[in-house]
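The structure under discussion appears below in the form of structure tokens.
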Amino acid sequence: MSFDAIVVGGSYAGLSAALQLARARRKVLVMDSGQRRNRFTAHSHGFLGQDGRAPGDIAADARAQLLAYPTVQWVDATATAGKGQADEFTVSAGNGAQYEARRIILAAGVVDALPDVPGLAERWGKHVFHCPYCHGYELDQGRIGVLASSEMSMHHALMLPDWGSTTLFLNGAFTPDADQMAQLKQRGVTVERIPVAQFSGAALDVELTDGRIIPLDGIFTLTRTSPASPLGAQLGCAMEDGPMGPFLQTDMFKETTVPGVFACGDMARATGSVALAVGDGAMAGVGAHRSLMFGAGHG
Ligand SMILES: Cc1cc2nc3c(=O)[nH]c(=O)nc-3n(C[C@H](O)[C@H](O)[C@H](O)COP(=O)(O)OP(=O)(O)OC[C@H]3O[C@@H](n4cnc5c(N)ncnc54)[C@H](O)[C@@H]3O)c2cc1C
């Protein structure tokens, strides 16, 4: 089967990219493995017009609207390999099928590597978060923690007092210097140097290695991120180093360094959100359409 474009990843960025191509009556295949990054949380915040909705409901509505266009096909599958060049790409799927397309849009998102502390992973998206803009407001100016994962966590610790009374758990990740301690003091942040043994309780109790238990309403930690799919690397796309991890390098039309391969959403930005993924996807869809009309690599 041959398509104008294959979109790898059918979440916010991929759906948005596919929508632009569908509206140009182009033949699009969306391939999706159903593992949205925010699947751990019950509510999505900060996306205009959809604030507080279940993340899966936002994606399901978008998918239903997209699939109403007759030139769009959908396959529930994982893209396992990509090869070729502009106008003659082949994408292999985990279901054994192969699909051909003139353009590829990578919208596969990222995976989060969480700090290795017992009890943290099962609270991810419920009481443990990475983005204050997404989940800070709902903590109702309560007791907030920052679990340090590197010196980058200074940034988190200095931001979070706007959302509640903040304790920075250093957990051996870094040692603030005198200047950093002064900044933390000026923002009213409590600094806890004793390491965290585990997270426990029905909600969020932080158990320290000295036996103390500190109850919190929520805690924020920075994760290391990496692209959820190896297709960009397989196709030869260049990466950039971001503060959270590597992401695919793109130009203003979201074309990667490989002509005809576009990338959008979390896997093609230093940091992401639903709103940014949707905007990014729209640009990638338009970019891929331009390239179908005017040639690849002319972004
Ligand atoms: C716990 C948590 C809570 C969050 N809360 C919010 C919030 O409240 N508001 C907000 O704006 N943002 C929030 N985010 C961030 C938000 O989830 C991401 O910015 C957003 O999902 C990025 O969209 P995307 O389309 O780029 O990637 P994703 O939504 O991650 O989607 C990628 C899609 O590609 C698919 N895929 C991956 N590899 C393949 C492959 N090889 N073949 C086929 N398909 C593949 C995946 O299955 C998935 O469906 C949260 C993130 C986390 C972790």
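In listed order, ligands and their atoms are each counted from 1. Treat the numbers as computed from the prediction; the structure is a model and nothing was measured.
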Query raised in the report: With atoms numbered from 1 as shown, which atoms in ligand 1 lie under 4.0 angstrom from a non-hydrogen atom of Asp112?
Result: 53 (C)
Query raised in the report: Under 4.0 Å between a Lys/Arg side-chain N and an Asp/Glu carboxylate O for Lys27 and Asp4?
Result: no
Query raised in the report: Can you tell if the side chain of Met154 reaches within under 4.5 Å of the side chain of Leu184, non-hydrogen atoms only?
Result: yes
Query raised in the report: Which of the listed options, Asp32, Thr78, Thr225, holds the heavy atom that is closest to atom 33 (C) of ligand 1?
Result: Asp32
Report summary line: Nearest non-hydrogen protein atom to atom 6 (C) of ligand 1, with distance, is Cys134 SG, 3.5 Å
Query - Heavy-atom nearest neighbour in the protein, as seen from atom 1 (C) of ligand 1, with distance rounded to 0.1 Å - result: Gly125 CA, 3.7 Å
Report summary line: Closest to atom 42 (N) of ligand 1 among protein heavy atoms sits Ala79 N, 2.8 Å
Report summary line: Near Met31 (heavy-atom distance under 4.0 Å), the atoms of ligand 1 are 43 (C), 44 (N)
Query - Protein heavy-atom partner closest to atom 11 (O) of ligand 1 - residue, atom, separation in Å - result: Val274 N, 2.8 Å
Requested in this report: State whether Arg53 and Asp61 are salt-bridged, where the test is any N-O pair (Lys NZ or Arg NE/NH1/NH2 against Asp/Glu carboxylate O) under 4.0 Å.
Outcome: yes
Query - Residue portion contacting ligand 1 (non-hydrogen atoms closer than 4.0 Å) for Trp124 - result: side chain
Query raised in the report: Who's closest to atom 50 (C) of ligand 1 heavy-atom-wise, of Val128, Asp76, Asn38, Val91?
Result: Asn38
Requested in this report: Around atom 37 (C) of ligand 1, find the nearest protein heavy atom and jot down its residue, atom name and distance.
Outcome: Ala108 O, 3.2 Å
Requested in this report: Report the part of Ala13 in contact with ligand 1, treating N, CA, C, O as backbone and CB onward as side chain, heavy atoms under 4.0 Å; options are side chain, backbone, both, neither.
Outcome: both
Please table the atom pairs, donor to acceptor, closer than 3.5 Å between any side-chain atom in residues 259-281 and protein atoms at least two apart or in another chain.
residue : atom : partner : partner atom : Å
Asp266  : OD2  : Arg37   : NH1          : 2.8
Arg269  : NE   : Thr271  : O            : 3.0
Arg269  : NH1  : Asp280  : OD1          : 3.4
Ser273  : OG   : Ala275  : N            : 3.4
Ser273  : OG   : Leu276  : N            : 3.2
Asp280  : OD1  : Lys254  : NZ           : 3.3
Asp280  : OD2  : Lys254  : NZ           : 3.3
Asp280  : OD2  : Gly265  : N            : 2.9

Query - Within reach of ligand 1, part of Ser33 (heavy-atom separation under 4.0 Å) - result: both
Query raised in the report: For Arg23, does the CZ atom have more than 12 heavy-atom neighbours from other residues, nucleotides or ligands under 6.0 Å away?
Result: no
**Report entry** Flag side-chain contact, heavy atom, 4.5 Å: Arg103 against Arg26
**Finding:** no
**Report entry** Any Phe47 heavy atom less than 4.0 Å from ligand 1
**Finding:** no
Query raised in the report: Would you call the rings of His135 and His45 parallel, tilted or perpendicular, where under 30° means parallel and over 60° means perpendicular?
Result: perpendicular
Query raised in the report: For atom 5 (N) of ligand 1, what is the nearest protein heavy atom, given as residue, atom name and distance?
Result: His135 NE2, 2.8 Å
Query raised in the report: Which bit of Thr41 gets closer than 4.0 Å to ligand 1, counting heavy atoms only: side chain, backbone, both or neither?
Result: side chain
Requested in this report: Decide yes or no for Leu21 and Phe3: does some side-chain heavy atom of the first lie under 4.5 Å from some side-chain heavy atom of the second?
Outcome: no
Report task. Would you tell me whether Glu240 and Gln249 have side-chain atoms, one donor and one acceptor, within less than 3.5 Å of each other? Result -> no
Requested in this report: Report yes or no: does a heavy atom of Gly34 sit under 4.0 Å from some atom of ligand 1?
Outcome: yes
Query raised in the report: Hey, which atoms in ligand 1 end up nearer than 4.0 Å to a heavy atom of Val8?
Result: 40 (C), 42 (N), 43 (C)
Query raised in the report: Any idea which atoms of ligand 1 are less than 4.0 Å away from a heavy-atom of Ser273?
Result: 11 (O), 12 (N), 19 (O)
Query - Within 6.0 angstrom of Phe174 CZ, more than 12 heavy atoms from elsewhere - result: yes
**Report entry** Residue Gly272 vicinity, atoms of ligand 1 by number, heavy atom under 4.0 Å
**Finding:** 19 (O)
Requested in this report: Have a look at ligand 1 and work out which part of Cys131, if any, has a heavy atom under 4.0 Å from it: side chain, backbone, both or neither.
Outcome: neither
Query raised in the report: So, do Phe89 and Ile6 sit near enough that their side-chain heavy atoms are less than 4.5 Å apart?
Result: no
Query - Where Thr221 and Pro115 come nearest, the two heavy atoms and their spacing - result: OG1-CG, 3.4 Å
Report summary line: So for Phe40 against ligand 1, with non-hydrogen atoms under 4.0 Å, the contacting part is neither
Query raised in the report: How about Met239 and Pro227: do any of their side-chain heavy atoms sit closer than 4.5 Å?
Result: yes
Report task. For the pair Glu192 and Arg212, find out whether any cationic side-chain nitrogen is under 4.0 Å from an anionic carboxylate oxygen. Result -> yes
Query raised in the report: How far is atom 52 (C) of ligand 1 from its nearest protein heavy atom, and which residue and atom is that?
Result: His130 CE1, 3.7 Å
**Report entry** Closest to atom 43 (C) of ligand 1 (judged by heavy-atom distance), picking from Ser229, Ala77, Cys264
**Finding:** Ala77
Report task. Please report which non-hydrogen protein atom sits nearest to atom 31 (O) of ligand 1, along with the residue it belongs to and the distance in Å to one decimal place. Result -> Ser11 CB, 2.9 Å
Query - Nearest-0.5 Å distance that lies between atom CE in Met181 and atom CG in Leu168 - result: 8.5 Å
Report task. Pick one of side chain, backbone, both or neither for how Asp280 approaches ligand 1, counting any non-hydrogen atom pair under 4.0 Å. Result -> neither
Report summary line: Contact region, Ala107 to ligand 1, non-hydrogen atoms below 4.0 Å, reads backbone
Query raised in the report: Short list, please: which atoms of ligand 1 are under 4.0 Å from a heavy atom of Gly265?
Result: 26 (O)
Report task. Taking only heavy atoms of Tyr12 into account, list the atoms of ligand 1 that are under 4.0 Å away from them. Result -> 20 (C), 21 (O), 23 (O), 25 (O), 29 (O)
Query raised in the report: Among His45, Arg37, Met267, Lys126, whose heavy atom sits nearest atom 9 (N) of ligand 1?
Result: His45
Report task. Give a yes-or-no answer on whether the side chains of Asn38 and Tyr12 include a donor-acceptor pair shorter than 3.5 Å. Result -> yes
Requested in this report: Check whether any side-chain heavy atom of Val30 sits under 4.5 Å from a side-chain heavy atom of Gln73, and report yes or no.
Outcome: no
